[in-house]
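Heavy-atom basis, side chains included; hydrogens, waters and symmetry copies ignored. Residue numbers start from 1 in every chain, and the chains themselves are labelled A, B, ... in the order their sequence lines are given, proteins ahead of strands.
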Number of protein chains: 2
Amino acid sequence: MPGAKLDPIDRKILAELQADGRMTNVELAKRVGISAPPCLRRVRTLEESGFISGYHARVNERELGFEVQVFAMVGLHSQAEVDLSAFEQRCRDWPLVRECHMLNGEIDFILKCVAPDLSTFQRFLTEELTAAENVASVKTSLVIRCAKDEPGVPFDVLEDRYARLG
Amino acid sequence: MPGAKLDPIDRKILAELQADGRMTNVELAKRVGISAPPCLRRVRTLEESGFISGYHARVNERELGFEVQVFAMVGLHSQAEVDLSAFEQRCRDWPLVRECHMLNGEIDFILKCVAPDLSTFQRFLTEELTAAENVASVKTSLVIRCAKDEPGVPFDVLEDRYARLG
DNA sequence: CCAGATTGCGCAATATTCTTTCGCATCTGC
DNA sequence: GCAGATGCGAAAGAATATTGCGCAATCTGG
């Protein structure tokens, strides 16, 4: 039963830190309605138990010079576990690949890639990704614009469920 | 020229905060090789200029009870700007949709969705997404497993480019 | 080549926050 | 009831954030 050990205060802490990861502990404590020391203890517990896996600054990719974002749908020849793992390891080694998800259906993997410009991406696509062992097909789609990019999960939905189910 | 105003110290700051958004300012200053006050001033400037758009705790989705992650490829009937915007606004209103990217090619949008369970997602898919105005086709793929999920951009690539181009 | 302006650093002092310790209340199972 | 466990909050000391200021290096326009 996932999340069973979390009380409403813990979930509020997670929601607040997901929205603002640099909030001071005193501010966080004020928002969740307890004093600072127990609040900090809860945060540490959440970190150690893996509910919080890290904190990250979100940087403006375009402004930093990464003008190109691409989704790549990849099909493999072999779906044997050893071959899947080998491809995943290759993705982890490619810095331009930021995300790699294994999917069901006809597509085996979806990759989210970034690059400074189109030619850099094209070079990666033709010389690395398409050329990689066991890769059968690659279909790419350029991101025209991003309408929504929310981190993490919708805690509202979670609270609704807890309210309904107990 | 994006990122032109950033010197190597600024880029190092961004890289460090992207990797660990809760690093203390003194630790950050130590790592980038300057003292704390100017380091904090740089961080504030980076925040105000939009290079840093926010800080977020990354939460463990599965452990929190969001067992299902899905990529949805959406095609629309009309690609007129007003219709595109209307669909994007709908995506922003759906809490289960975490990301919404407009793409080139035959697929108009790719959506990253989360849900507590399959039936919740199926209900959203049939009653909300597929049923939405102007939606022509929806193809969904369940995420089996995630091999890589790195936030932001690869600063190594950026440094290589700066080293090569000046 | 040289004032004057600008920029950015580091030191020092203050304010805020973090973190630990400890005592107390509440809950739980027997 | 009652012992043990759990979790809270107050207080104090340590670490950190933040501000003000003087100084050096780099530009800029004579």
Inset, instruction - Quickly work out the R44(A) CZ to dG7(D) P distance and round it to whole Å. - result: 17 Å

Legend entry - Note: K12(A)-E16(A) ion pair, threshold 4.0 Å (strictly below): yes

Legend entry - For S85(B), the option from E81(B), E88(B), Q89(B) that meets side-chain hydrogen bond (donor to acceptor under 3.5 Å, both in side chains): E81(B)

Inset, instruction - To the nearest 0.5 angstrom, please state how far the CZ atom of R31(B) sits from the CD1 atom of I13(B). - result: 13.0 Å

Legend entry - K112(B) bridged to E99(A) by N-O distance under 4.0 Å: yes

Legend entry - Spacing of I13(A) atom CD1 relative to dG7(D) atom C1', expressed in whole Å: 13 Å

Legend entry - Rounded distance in Å - CD1 (I9(A)) to P (dT6(D)): 17 Å

Legend entry - For DNA chain D, the residues among residues 23-43 of chain B that have a non-hydrogen atom under 4.0 Å from it: T24(B), N25(B), V26(B), P37(B), L40(B)

Legend entry - Rounded interatomic separation in angstrom, taking CZ from R22(A) and P from dC18(C): 11 Å

Inset, instruction - Tell me, please, whether Y162(B) has R11(B) positioned over its six-membered ring: NZ or CZ under 6.0 Å from the ring centre and within 45 degrees of its axis? - result: yes

Inset, instruction - Please determine if R161(B) and D117(A) form a salt bridge, counting it only when a charged side-chain N lies under 4.0 Å from a carboxylate O. - result: yes

